[in-house]
Protein chains: 2
Amino acid sequence: MSLERAGHTVTGVATVAAARTALSATDTIDLALVDWMLPGGSGLELVRSLRKEEQTRRLPIIMLTARAEEEDISAGLDAGADDYISKPFSPKELVSRINALLRRTRDQLAISDALQVGSLFLNPQSHRVYTNELEVPLGHTEFKLLRCFMMHPERVFSRDQLLDQVWGNDTYIGERTVDVHILRLRKSLKPAKVDKMLETVRGAGYRLRATTDDSSH
Amino acid sequence: MSLERAGHTVTGVATVAAARTALSATDTIDLALVDWMLPGGSGLELVRSLRKEEQTRRLPIIMLTARAEEEDISAGLDAGADDYISKPFSPKELVSRINALLRRTRDQLAISDALQVGSLFLNPQSHRVYTNELEVPLGHTEFKLLRCFMMHPERVFSRDQLLDQVWGNDTYIGERTVDVHILRLRKSLKPAKVDKMLETVRGAGYRLRATTDDSSH
DNA sequence: TGAGATTATGACAGCTCAGTGACAAGAGGT
DNA sequence: ACCTCTTGTCACTGAGCTGTCATAATCTCA
């Protein structure tokens, strides 16, 4: 309740398995609040495994622990948690720690490095896309679209998700518009012969293939 | 241990006096990590005095504080600390903040040197810009603008960022003003035929191309 | 194979964004 | 006081980007 009053959207899950499902199902989770003791596996294990997987490696994590003992804290931080809160804690403290962590990670994301998928290179700093020594000219929307795909190669994005990620989750734009921008992105990628990397997943959305090689026959 | 694992060499001292000794004895200290509470004087005092002496005026300082209260933070920053970390913090956070601060100060140190991008030369000392044996006359604003671009070639600066960097982050000036100064800078660069280096990145801002060669047709 | 659903493509009108010239206010020098 | 250079703002223009739609192409399943 405190978090929602602070403007956050909260999804609660009861088990480690449910947490994994929620995390892999959506891409809209900005931060995880993990209890030390959880049914179906310890929170520590969950944190450790989240840090191993590429998709959740940078996910900000705050651990909740009942005991504020030194060894617990360092174990949690070693496992990969970014911060911890020991019970009992005030709602105010929780909110301010979450906001602080979100602020920190937002800054870090801004310094993100160049992306590479196959022979495709995207540099967020210079706002440029290269492939095979050739610069790919892109409009702003196509750039963000490609960046979204390159941050999560091999992952299928639905049109809805792309609208959220690229256009922002408060815009009301027809889903078919995404098709057109995919088309334009493919056209721009065609001279470099990497347009086939953007695959259509019928009934689901689009996906960027991680490998450049063409295994389509 | 985390810092040494990250490639840093760490020297620990127990008192304010020992810190002063270490700092004046060697010239190899790149950054100071100062606790708020110290034996033999508060960390705040130490920071304040370090800022007074010429030898340590530019030393990057990070403060450690147990309480994340607003007043402490602003007091530390007012005293002259460049950043602060509130306990508890993760080793990862410590390392990344230290690296970030070192990166920042390294950039600043470069200000004293002459800058070169392609055939463009900018001398901060003499406040002059040369290219192809030709001096480029610039107003003060255009000079700072160009310096900003030359310190980070290939990087896209939004109008907002340029207003922060060139005008200062407390001025309230219309974003379109940046356009006009870009225009004037281009006009000044035109006689030397390097005006094409300043590229417009639609929807994002402006960028200085690192290479002089013109691949625009 | 054929109906139905889904996606690709070309065209287009609207709109956003950057380029540009003009202008007034201010700073600094004479 | 006058002049000159610099600087911030504005209005206008045009190029390029974007969202939408109609239609063609393609795929799926019965």
Side-chain angles (χ1 to χ4, degrees), chain A residues 127 129 135-149 156-191 195-209 216-217, chain B residues 127-129 135-149 156-190 195-209 216-217:
Chain A
H127 232 262
V129 176
E135 183 167 355
V136 181
L138 290 178
H140 197 223
T141 309
E142 278 87 52
F143 181 84
K144 284 190 289 186
L145 195 56
L146 180 59
R147 185 180 58 186
C148 181
F149 280 115
V156 175
F157 288 92
S158 72
R159 291 175 175 73
D160 245 341
Q161 290 174 318
L162 289 173
L163 283 176
D164 278 7
Q165 296 279 321
V166 176
W167 279 263
N169 46 13
D170 52 352
T171 48
Y172 302 97
I173 287 177
E175 284 202 342
R176 304 275 104 217
T177 297
V178 177
D179 297 25
V180 181
H181 281 278
I182 290 283
L183 172 73
R184 288 169 181 158
L185 182 50
R186 281 183 177 144
K187 265 185 184 160
S188 302
L189 292 174
K190 190 129 192 175
D195 56 311
K196 296 289 170 55
M197 287 175 73
L198 252 187
E199 298 175 321
T200 304
V201 182
R202 196 180 171 85
Y206 298 93
R207 172 182 55 198
L208 182 71
R209 191 169 17 175
S216 64
H217 44 255
Chain B
H127 231 258
R128 283 190 165 148
V129 177
E135 182 168 354
V136 181
L138 290 178
H140 192 227
T141 310
E142 277 87 50
F143 180 83
K144 284 192 289 185
L145 194 58
L146 181 59
R147 185 181 63 185
C148 180
F149 280 115
V156 172
F157 289 91
S158 70
R159 292 175 175 72
D160 244 341
Q161 291 173 317
L162 289 173
L163 283 177
D164 278 7
Q165 297 281 321
V166 176
W167 279 264
N169 46 13
D170 52 352
T171 48
Y172 302 98
I173 286 177
E175 285 202 341
R176 313 311 326 280
T177 297
V178 176
D179 297 26
V180 181
H181 282 276
I182 290 283
L183 173 73
R184 288 166 181 160
L185 182 50
R186 281 184 177 143
K187 266 183 184 163
S188 303
L189 293 174
K190 191 130 192 174
D195 55 311
K196 296 289 172 57
M197 288 175 72
L198 252 187
E199 297 176 320
T200 304
V201 183
R202 196 183 169 86
Y206 296 93
R207 172 182 56 198
L208 183 71
R209 190 169 10 173
S216 65
H217 44 252

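This one's a predicted model, so the numbers in the text were calculated from it and none came from an experiment. Residue numbers start from 1 in every chain, and the chains themselves are labelled A, B, ... in the order their sequence lines are given, proteins ahead of strands.
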Pairwise N/O distances under 3.5 Å, protein to nucleotides 28-30 of chain C:
none

Short heteroatom pairs, N/O only, protein and nucleotides 24-26 of chain C, under 3.5 Å:
none

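Listed pair Lys187(A) / dT9(C) fails the phosphate criterion, with no side-chain N or O lying under 4.0 Å from OP1 or OP2.
When the local axes at the two ends of the helix from dT1(C)-dA30(D) to dT30(C)-dA1(D) are compared, using 5 base pairs at each end, they differ in direction by 30° after rounding to 10°.
We find that NE2 of His127(A) is positioned 11 Å from P of dA18(C), with the value rounded to whole Å. As a whole-Å value, the separation of Leu198(A) CG from dA8(C) C1' is 14 Å.
Among residues two or more places apart in sequence or in another chain, the side chain to side chain contact (heavy atoms under 4.5 Å, CB included) test is passed with Gln161(B) by Arg155(B), Phe157(B), Ser158(B). Take Leu183(B) and apply the side chain to side chain contact (heavy atoms under 4.5 Å, CB included) test, not counting sequence neighbours, and it matches Lys187(B). Partners of His140(B) under the ring pair (Phe, Tyr, Trp, His ring centres under 6.0 Å) rule, at least two apart in sequence or in another chain, are His127(B). In terms of the side chain to side chain donor-acceptor pair (under 3.5 Å) criterion, Glu175(B) has no residue partners (sequence neighbours excluded).
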Let me have a per-nucleotide readout for nucleotides 18-30 of chain D, 5' to 3', with B, S or -, counting only protein heavy atoms under 4.0 Å. BBBB----BBS--
Could you go through residues 199-206 of chain B and list every donor-acceptor pair under 3.5 Å that involves a side-chain atom there, pairing it with any protein atom two or more places apart or in another chain?
residue	atom	partner	partner atom	Å
Glu199(B)	OE1	Arg128(A)	NH2	2.7
Glu199(B)	OE1	Arg207(B)	NE	3.2
Glu199(B)	OE1	Arg207(B)	NH2	3.2
Glu199(B)	OE2	Arg128(A)	NH2	3.4
Glu199(B)	OE2	Arg209(B)	NE	3.2
Glu199(B)	OE2	Arg209(B)	NH2	3.4
Thr200(B)	OG1	Arg186(B)	NH2	2.8
Tyr206(B)	OH	Arg159(B)	NH2	3.2

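To the nearest 0.5 Å, atom CD1 of residue Ile182(A) and atom CG of residue Leu145(A) are 4.5 Å apart.
When the options Leu163(A), Ile173(A), Asp160(A) are evaluated for a side-chain contact (heavy atoms from CB on, under 4.5 Å) with Val178(A), the one that passes is Leu163(A).
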